[in-house]
Q: 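This is the structure I have questions about; it appears just below.
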2 protein chains.
Amino acid sequence: MRSATERTEAEERDATPREGADVDRILETLVYLYTESRRVTKEVARQHGLTGPQVTAIKVLENFGALSLTDLSARMSATNSTMTGIADRMERDGLVERIRSETDRRVVQIALTEKGRALAAQIPVASMALFADALRSLDEGDRRDLTRILRRLTDKVTELVGTNGD
Amino acid sequence: MRSATERTEAEERDATPREGADVDRILETLVYLYTESRRVTKEVARQHGLTGPQVTAIKVLENFGALSLTDLSARMSATNSTMTGIADRMERDGLVERIRSETDRRVVQIALTEKGRALAAQIPVASMALFADALRSLDEGDRRDLTRILRRLTDKVTELVGTNGD
DNA sequence: TGACGAAGTTTCGTGTGCGGAATATCCGCG
DNA sequence: CGCGGATATTCCGCACACGAAACTTCGTCA
């Protein structure tokens, strides 16, 4: 597979390439980084008998305590129907339990079991460990720049989509 | 191989709140941007009766001509087994056809049909349109910074994973 | 020639991931 | 109280997405 930062001959020749050439390159690089990170995360998770999203879930629950299914979905950038399946399998494996809220019986609290808590304590990183390592290797200035740029991107995306969360 | 996660001890000694706080924030933002973009891309694709990966596939095939399944997989950052399923559904819908290579009968060339080519011509963007729009809204300096930072991240990731050069 | 390892693709099992429909519950309003 | 809209979760069908195993074909080497 091509390194994501390589240049094609057409771009080298052209002084001012197409408008979106750098945009395409940035996208390609981000997709590469993201998918590669997910792949490695999955690999690490498997060493604990878990999947990627399951690791994310138990670390979120470890940090925030029991959450409703909707809140947990929001934290993981997943839909409720996706989260239902993840919770099902984690419940099947004895990692979490569903607790009906007594104040609002529509709500299901997802809580770690003892087994789940013990497992969470063994896993040092939340998710995307590879990406996180790479980010840590950046110097302070780069991280500040990246944070600034991502904030602008988020604002733009929020504006385009109209919805938001958190 | 020595892992880069050994710097957690340095973090604990550090007086500042927590070294990884901004890293976590950056990761969270990237995940948000990526998943949101994928969601919107899927939505756009559906208006043409396609899925997200299918749009990516026909635009890649439009640009590069018929590709072997392995080459197409690499272009899309997917595994061969994933690509097989995507090709199956696209073949079922008459968008592509499989052509056995005559020089190497192990190889299957994936080629656009007339219908597929016509559809590809109607779709202006390759993928991740939302993300691309947001990137275009950045000024020149930000894009240059982002490109530089992403190159460093890619180099670091490649170093951590091990070079799987093309 | 025949063994044999490598390469390309498919198959299989499992786990996301999404939108839409169905269900249950809550709440405000009359 | 009862109605109707809003909210929380689940169920359904489909499309990725991955690793491991199976299968075919290729190239080589003895």
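So you know, we letter chains A, B, ... as the sequences are listed, proteins then strands, and number each from 1. All of these numbers come straight from a predicted model, not from anything done at the bench.
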Q: Rounding to a whole Å, what distance do you find between A/Glu43:CD and D/dA20:C1'?
A: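 Result: 13 Å.
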Q: Is A/Thr70 close enough to D/dT9 that one of its side-chain N or O atoms is under 4.0 Å from OP1 or OP2 there?
A: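 Yes, A/Thr70 has a side-chain N/O under 4.0 Å of OP1/OP2 on D/dT9.
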Q: In whole Å, I'd like the distance from the CD atom of B/Gln109 to the P atom of C/dG8.
A: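 Atom-to-atom, B/Gln109 to C/dG8, this comes out as 12 Å.
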Q: How does each nucleotide of nucleotides 10-18 of chain D score, in 5' to 3' order, for protein heavy atoms under 4.0 Å: base (B), sugar-phosphate only (S), or none (-)?
A: BB---SSBB
Q: Going by the rule side-chain hydrogen bond (donor to acceptor under 3.5 Å, both in side chains), which residues pair with B/Glu114 if we only count those two or more places apart in sequence or in a different chain?
A: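 Checked B/Glu114 against side-chain hydrogen bond (donor to acceptor under 3.5 Å, both in side chains); matches are B/Arg117.
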Q: Rounded to whole angstrom units, what separation is found between the CG atom of B/Asp104 and the P atom of C/dT9?
A: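 Computing the B/Asp104:CG to C/dT9:P distance gives 8 Å.
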Q: Could you state whether A/Val55 and A/Phe64 fall into the same hydrophobic cluster, counting links through intermediate Ile, Leu, Val, Met, Phe, Trp or Tyr residues with side-chain heavy atoms under 4.5 angstrom apart?
A: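 Per the 4.5 Å side-chain linkage, A/Val55 and A/Phe64 are co-clustered.
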Q: Would you say that more than 12 heavy atoms from the other residues, nucleotides or ligands in this model lie under 6.0 Å from the CZ of B/Arg148, or not?
A: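 Yes, enclosed.
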Q: With the criterion being N/O to N/O and under 3.5 Å, what pairs connect the protein with nucleotides 1-6 of chain C, and how long is each?
A:
none

Q: Grab the CG-P distance between A/Leu95 and C/dG15 for me, whole Å please.
A: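 From A/Leu95 CG to C/dG15 P: 12 Å.
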Q: Examine distances only and state if a side-chain atom of A/Arg152 and a backbone atom of B/Leu135 form a donor-acceptor pair shorter than 3.5 Å.
A: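 It does not hold such a pair.
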Q: Any salt bridge (charged side-chain N to carboxylate O under 4.0 Å, His left out) involving residues 80-95 of chain B? Give me the pairs, sequence neighbours left out, ordered by first then second residue.
A: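 Sorted pair list: B/Asp88-B/Arg98, B/Glu91-B/Arg98.
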Q: For the pair made of CD1 in A/Ile110 and P in D/dA8, what is the distance, rounded to whole Å?
A: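 Nearest whole value for this atom pair: 14 Å.
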Q: Quick check on DNA chain D: between B/Glu102 and A/Asp71, whose nearest nucleotide comes earlier from the 5' end?
A: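 Here A/Asp71 is the residue nearer the 5' end.
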Q: Donor-acceptor check, side chain of A/Ser68 to backbone of A/Val107, threshold 3.5 angstrom: yes or no?
A: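 Not a single qualifying donor-acceptor pair exists.
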Q: Restricting to side-chain hydrogen bond (donor to acceptor under 3.5 Å, both in side chains), what partner residues turn up for A/Thr70, sequence neighbours left out?
A: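 side-chain hydrogen bond (donor to acceptor under 3.5 Å, both in side chains) check on A/Thr70 returns A/Asn80.
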Q: Whole angstrom is fine here: how far is it from CZ in B/Arg105 over to C1' in C/dA7?
A: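 One finds 15 Å between C1' of C/dA7 and CZ of B/Arg105, rounded.
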Q: Should A/Asp133 and A/Arg136 count as an ion pair when the cut-off is N to O under 4.0 Å?
A: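 Judged by the 4.0 Å cut-off on N to carboxylate O distance, A/Asp133 and A/Arg136 do form a salt bridge.
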Q: Could you tell me which residues satisfy side-chain hydrogen bond (donor to acceptor under 3.5 Å, both in side chains) with A/Glu62, sequence neighbours excluded, listed by chain and number?
A: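 Partners of A/Glu62 by the side-chain hydrogen bond (donor to acceptor under 3.5 Å, both in side chains) criterion, ordered by chain and then number, come out as A/Lys59.
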Q: How many whole angstroms separate atom OH of A/Tyr34 from atom C1' of C/dT16?
A: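 Spelled out: OH on A/Tyr34 to C1' on C/dT16 is 12 Å.
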